[in-house]
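Just so we're on the same page: letters track the sequence lines, and every chain starts at 1.
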Amino acid sequence: MKKRLEELLLDAVAILKSNGDLPTELEPECLIERARDAQHGDFATNLAMTLAKPARSNPRALAEKIIAALAADPVVTKVEIAGPGFINFFIDPQAQFGVIRDIHEAGHEFGKSRSSGAGQRVQVEFVSANPTGPLHVGHGRGAAYGAVVANLLAAIGCEVHREYYVNDAGRQMDILAASVWLRYLEECGESLVFPSNGYRGEYVRAIAFDLHKAQGERLRRPAAEVFAGIPDDEPQGGDKELHIDALVGRAKELLGSTDYREVFDAGLNDILADIRQDLEEFGVHYEEWFSERGLTDSGAVQRSLDTLQTAGYLYQQDGATWFASTRLGDEKDRVVVRENGQMTYFASDIAYHMQKLERGFDRIINIWGADHHGYIPRVKAAIEALGGERDKLDVLLVQFAVLYRGEEKVQMSTRSGEFVTLRQLRNEVGKDAARFFYVMRKSDQHMDFDLKLATSRTNENPVYYVQYAHARVCSVFRQLDEKGLPRNLPNGMTHLSRLTEPHENALVTTLTRYPEVVQQSALQHAPHHLIHYLRDLAAELHGYYNSHQFLVEDADLRDARLNLIAAVRQVIANGLALLDVSAPESM
RNA sequence: GCGCCCGUAGCUCAGUUGGAUAGAGUGUCGCCCUCCGAAGGCGAAGGUCGUACGUUCGAAUCGUAUCGGGCGCGCCA
């Protein structure tokens, strides 16, 4: 419908150009918008206002000329000029009823399109939390957001590749390995002081317990030997970083590389398996789990550095190797190889993005916690230095959610290991509410997540509100059966013109908006638009339900109304499916 | 100190990329079940869009300044 109006307008502009009323070189950006207010008709354009200045004419006069040049269309019942020069279009309500047929025919496909995505290969990397412990509620928002963005992109025709970057190398993982081993030694009966900077969570003990069961005392070393000559920990007046690093070194030394790897992998595999299961249960699926360690093993890291070297972006200073990212818009240059010869995390990330480029994605989307925003310029710089286009990469930032239980803020502390995990959240509020709440707000905005509200089974809860609309339609159809009334679907389609109530016209208009909403949400990576739409649609359904009886005597009207509410049910189900929230038949 | 994000109804948030009288939900108050599910609906009240200049036909939206809040500024990941 939008397109149709745009064509009408462009034709009119062409006529005015040939008349000499408009300069021929003018390229109008034809913007048709949906009117915000029903009084302004269905669609509006500000064309006359934007063209007024170059045409050296006043907007309202120009608008009249445009309207005069406008070809007649049976669908358009009225065109009028309003306000400073808007042209408002009124659409014949009957003309929109086709959407009910469309929805019925397309079913769960309704709302999907191919035009804007057009087979683009898009990679979406999200969550990618270090496998050093279970996912917490902060990761949950990134998980829900990433999964829905991926669904939305797929719905507009993109070929989506969902990926989790596994940070299975690096210092944090070594610290985890050391933590597991020390807990294992305790399991063996050794007595020791656990490092303040180690991973103190209960899950580490569990891993150590299993390790002890599997390996017996084989990996045991006397605590005295382990701690001999290790610099003091912070509580003893030392440096906790030096302390833990020395313990990592000692573990490698005493265990040897094979056994150390055994301990390391025990931690990694156990936690990764937990994360995978957690996400799986949350409805988050990946095409690929990409290993950081694999980048080093395959030589990709070295290769990416060589590329930068040849391109002239690397230099030596203070014994380290630096990437001259300032030349590509970063605030300072970054170290890629440390003085001690070790690669930095950033070096792996350069290699990872090189791989992303090499794999030929048309677009690369990274979803990060908002606290990483300072990291964007250097990654974009790396992409450019590697010969890629920096605009291929979109970094979408997700702010952390602050949890509340009613008025009361839920305290979280990573240090003590007593943070609220995603699993705990799911157990408390359920998958549907968790997913809905996480994407209800604009992603780069702080949000308050009220656990009490998410679990409440009342009208305050927006999840139930939308789901209830779906269940309510299902209930009507159950009633139809119970009353023994027939339903004739084709008959309803031929009598859609019986739908003349304002509620019905409004609902039909809202239904025609759905594909636009999906498209807009996808292109803007903004699932909250979809949520708002679903609430609007549910609200209109509830309003309709309260003021009109569907199961009326008049079979033609009844069939038409049933087709309408069935279409509403379908669209709600489709929207909830994109969110991966269930659409229950009864509640 | 520098950089990025954010200040909209009592509270939580939208605002279609510069458009028409700034909108929802919730809370408060008043109504609506002999009727397909009241987990619902209808109505009322509630605003100097942080503040001040500026850009133009027109600003919550763009620019500058300022106040307030968050985050980031490692040879950590």
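- Residue-level contact check: A/His542 touches the backbone only, with heavy atoms under 4.0 Å from sugar-phosphate atoms and none from bases.
- As judged by a 4.0 angstrom heavy-atom cut-off over every strand, A/His528 is placed among residues touching the sugar-phosphate backbone only.
- Contact annotation for A/Tyr375: base contact, defined as any heavy-atom pair under 4.0 Å involving a base atom.
- Scored by the side-chain hydrogen bond (donor to acceptor under 3.5 Å, both in side chains) test, A/Asp168 finds A/Ser291 as partners (sequence neighbours excluded).
- Contacts of A/His40 with the nucleic acid, taken as non-hydrogen atoms under 4.0 Å apart, include base atoms.
- Among the nucleotides B/C36, B/C75, B/G70, the one closest to the side chain of A/His446 is B/G70.
- In the interface, the side chain of A/His373 is paired with the base of B/C71 through a donor and an acceptor atom under 3.5 Å apart.
- Contacts of residues 466-474 of chain A with RNA chain B (heavy atom under 4.0 Å): A/Tyr468, A/Arg472.
- Residue contacts shown for A/Asp174 are absent, as no nucleic acid heavy atom lies under 4.0 Å away.
- In this structure, A/His503 reaches neither bases nor backbone, as no heavy-atom distance under 4.0 Å exists between it and the strands shown.
- Here A/Glu339 lies in heavy-atom contact (under 4.0 Å) with a base.
- Between B/G37 and A/Gln479, a contact under 4.0 Å exists linking OP1 or OP2 to a side-chain N or O.
- In this structure, A/Asp536 reaches neither bases nor backbone, as no heavy-atom distance under 4.0 Å exists between it and the strands shown.
- When heavy atoms are screened at a 4.0 angstrom cut-off, A/Tyr545 is found touching base atoms of the nucleic acid.
- Nucleic acid contact for A/Met447: sugar-phosphate only, since backbone atoms but no base atoms lie under 4.0 Å from a heavy atom of the residue.
- Within 4.0 Å of A/Arg334, counting heavy atoms only, lies no atom of the nucleic acid at all.
- When heavy atoms are screened at a 4.0 angstrom cut-off, A/Thr132 is found touching no nucleic acid atom at all.
- Annotation: cation-pi pair A/Arg472/A/Tyr545 present, NZ/CZ under 6.0 Å from the ring centroid and within 45° of its normal.
- In the interface, the side chain of A/Asn88 is paired with the base of B/A20 through a donor and an acceptor atom under 3.5 Å apart.
- Using a 4.0 Å heavy-atom criterion, one finds that A/Asn167 contacts no nucleic acid atom at all.
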